[in-house]
Amino acid sequence: MSQVQMSRPKTAADEPTVSPALPTADQQFATVAVHAGEARQKPGDSITDPIFCASTYTFENTQSIIDFIEQDQQREEYGRYGNPGERVVERKLAALEGGEDAVLYSSGMAALVGLLMAKLSAGDEVIFFDECYHRSREFCTKHLGRFGVTTRQVKTCDYAAMEAAITPKTRMLISESPTNPHLSVIDLERFAEIGRKRGVDTLIDATLATPYNLRPIAAGIDFVLHSATKYLGGHNDLLAGTVIGSKEKMEPVRNLRGIMGAVNGPQNCYLLGRGLKTFELRMQRHNENGMMVAEFLAGHPRIERVYYPGLPSHPYYEIARKTMRGFGGLVTFLVKDADWRATADVIDAVKIPRIAPSLGGVESLIEQPLVMSYYQQTPEARKQFGIYDNMIRMSCGIESADDLIADLGQALDATA
Amino acid sequence: MQFRTRAIHVGNEPCPQTGAVVPPLHLATTFVQPGAGEWGEFDYSRSGNPTRKAFETTLASLEGGVGALAFSTGMAATHCVIASLKSGDHVVAGSDIYGGSYRLLHKIANRAGINVTLVDTNDLAKVEAAITPATKLVWIESPGNPRMSITDIDACAKLAHRHGALLGIDSTFATPVLTRPLELGADIVMHSATKYIGGHSDAMGGALVVRDAALLKELYFVQNATGAVMGPLESYLCSRGLKTLELRVREQCRTAQALAEWLASHPRVARVLYPGLSGHPGHELAHRQMGGQFGAMMSFEIRGDLAAGKRFAESTKLFSLAVSLGAVESLIEQPASMSHASYDATDRAKHGIADGLIRLSVGLEAFEDLRDDLESAFAAV
Ligand SMILES: Cc1ncc(COP(=O)(O)O)c(C=O)c1O
Ligand SMILES: Cc1ncc(COP(=O)(O)O)c(C=O)c1O
């Protein structure tokens, strides 16, 4: 039996005991998901990392504080600046993504805001592709302006327009890939090349793809953002967000998080890390279910159109096929000859997917973008964003695909 | 609904008050009642708790039972079954059972005047011969621990019932993904939920699932009277574990099968005990009873002495040296000195637990990485 440790517990500072955070080349993805970022021998010899609820960390005496400051020692200080469990998850996320550093936030939006606040100043400009999560757009268009930052939207995948919009003040090019809810897929190398050529940082929100399906950093992208609320957490039971990039570029981002304070709680971090252990399995199932549901819908007489990058009919199928390992669990579709009410009837008739916003969890969710996210927008604005009255977005969970298909089938038949 | 869908939805209905897609975690120890002498669904958390109930409901659905009871550990679940017996009753139990169950039967149950006979449950004639008019319970484990022996559940149920006894089975290694003993005639299924059901090495738990409502009531009475219930946080984590149970177990079985085949052809390995190998005595039966997959537990004997076995178990880098099993991270141990140390040395020898035996719990890591890890351990010995 080991003695109870009275000295300080191991923290992120004890780098040598930690599985390498970066190289994934020597270990397969599944193994990285289970072990990366964790010390082999953990505090208390636990097989799982303990949850440190402490808000603050003690120093032995005054000299140890002075040493900490003067020698720039790596150790914990105060919960807003870091937590041992949070660091484990950050290292795991960085390893899965193939990036050097991941900074964790309390939500995906906090991650976006945290990154942009760290990188932009009054007078700067950002350009983004217009298909995106509506709150990301809202933050850029409504709030960045208040701090003197100009935002420009260009049509998704119009690379020439994006390049033409760049001025000497442009600091960041932003896109999702795949986009929400149209699932357009960005040519990441081209996107990264524009940024590199013009000296502008690039950001990809890869929430819908996840590091299992897409590796933006390998394609030359500077920052990858995830709403970890979605597939990474995976169980619809936590909110989290992360930005991943090079150590150098992430340093000011990490520092500002310590000041702005949108950190995740220790229990949440633990659940996120727990979810990551089954990440590969869940993604494989989400990919399979997404593909099968998309194929079913594409062959159904009541469906006008299916947006799914794994279908050859999708406008970005070729680039998706070349750059993605799988296409995820999100499927968007249009019901043929249906007004908004007839479309809502289909949603109200399904039995397994729950009607709720969000996506990426084990339980399937379904929603009508018009009602869920764009209800208060004008018809013109909706048209501009490609949100149609007869559009349904379904997040396929990891239930049996047969059950999901049978359920969609009965809902479409019952409301025909 | 299929198994996988039930694992996610049954027992997990969204919260009716808030719509929360994941039901809330109820830490409350007590519940406000509608009136004096009028009782709501929940009154006191030992007697019932919504979060525990949700887990029990899902598990009962997956096992095909009328109901389930969740306990603080697997041992508490087994103890509940034993505590439902009385002085003078007799138990016939398998010889290839978990060391802690052996200890419970031989060092605790005996104090209450409950008599136990251990038999090789692979041999039905021996099981029948051990049954006496006082036998109330036949207790088996399949796959067994650590030799991975396979017991014929259907045959044992018929046999037990013919003699008026119940059949209980510790199905921890099989999980409802691979075997549903109630469908094969068993009366009680027991799980150490600490293992595959929780699945992440972070919650202790146990469960009983039964086919018969009267038996459920009786076991519930014992549980409520003795009090070893599963806590709400553990119930929540176990429910969360059930949602990925099928994915995890199937993947872990695939990796285990590949590792067992690799080990079986390894020059440094004397023998491999894994029901997925055609040479295993229980292979045919396991094939029938476990639906074509064989679990993610295996044992093997390396060529060399006790010290070599010890060094091997201490040399892996991905497999952690630890007891327990069934989780996402792979574990390695030496049964003679660890999980089965509570067997007497003579019983250990009698039941084929050699000193050089190594037991693996195969996790979710990639096969290639685990194989390379074992290969480097062979090199270190
Ligand atoms: C693509 C995308 N990015 C970002 C977000 C925001 O993440 P969160 O809800 O975790 O703040 C969402 C979530 O809805 C999203 O779908
Ligand atoms: C097969 C089997 N049954 C029962 C138990 C006991 O379960 P617990 O440790 O949850 O009390 C174990 C645990 O090691 C086991 O492996």
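Below, chain A is the first sequence line, B the second, and so on; all start at residue 1.
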Donor-acceptor under 3.5 Å (T5(B) side chain, D403(A) main chain) = no
Working to the nearest 0.5 Å, report the span between CZ of R282(A) and CZ of R248(B).
-> 11.5 Å
Largest heavy-atom contact set with chain A, pairs under 4.5 Å, which of V22(B), L331(B), L247(B), V328(B) = L247(B)
Identify which part of L404(A) has an atom lying under 4.5 Å from any heavy atom of chain B, answering side chain, backbone, both or neither.
-> neither
Run the numbers on I398(A) and R4(B) for side chain to side chain contact (heavy atoms under 4.5 Å, CB included), then give the verdict.
-> CA-CA 8 Å; I398(A) 63 168; R4(B) 195 180 292 160; 5.6 Å; no
Of all of D237(A), N236(A), V362(A), which one pairs up most often with chain B through heavy atoms under 4.5 Å apart?
-> D237(A)
Starting at CZ of R274(A), measure out to OG of S201(B) and round the result to the nearest 0.5 Å.
-> 9.5 Å
Output the distance between atom OH (Y270(A)) and atom CG (L237(B)), rounded to the nearest 0.5 Å.
-> 7.0 Å
Write down the atom of R40(A), the atom of S320(B), and the distance for their closest heavy-atom approach.
-> NH1-OG, 3.4 Å
More than 12 heavy atoms of other groups within 6.0 Å of K53(B) NZ = no
Of the listed E280(A), Q284(A), R285(A), the one with the largest count of heavy-atom pairs under 4.5 Å with chain B is R285(A)
Taking every heavy-atom pair that is under 4.5 Å apart, which of R6(B), E251(B), E246(B) has the most such pairs with chain A?
-> E251(B)
Side-chain donor-acceptor pair under 3.5 Å between E329(B) and H35(A), yes or no?
-> no
Pair H200(B)-T278(A), side chain to side chain contact (heavy atoms under 4.5 Å, CB included): steps then yes or no | CA-CA 9 Å; H200(B) 295 71; T278(A) 55; 3.8 Å; yes
What one should report as the nearest heavy-atom pair of G233(A) and R240(B) is O-NH2, 4.0 Å
Would a 4.5 Å heavy-atom cut-off, applied to side chains only, mark Q28(A) and E365(B) as touching?
-> no
Go through the atoms of N12(B) and report whether side chain, backbone, both or neither lie under 4.5 Å from a heavy atom of chain A.
-> backbone
Have E363(A) and H9(B) got a donor and an acceptor in their side chains that come within less than 3.5 Å?
-> no
Counting distance only, does the side-chain N/O of T31(A) pair as donor-acceptor with the main-chain N or O of A366(B) below 3.5 Å?
-> yes
Working to the nearest 0.5 Å, report the span between CG of D402(A) and CE of M1(B).
-> 13.5 Å
If you measure from CZ on F3(B) to CD on E399(A), what distance do you get to the nearest 0.5 Å?
-> 14.0 Å
So CG of L271(A) and CG of D202(B): to nearest 0.5 Å the spacing works out to 8.5 Å
For chain A, which of L364(B), D372(B), L370(B), V21(B) has the most heavy-atom pairs under 4.5 Å?
-> L364(B)
Trace of the side chain to side chain contact (heavy atoms under 4.5 Å, CB included) decision for Q27(A) with E368(B) = CA-CA 9 Å; Q27(A) 277 186 353; E368(B) 294 81 356; over 6 Å; no
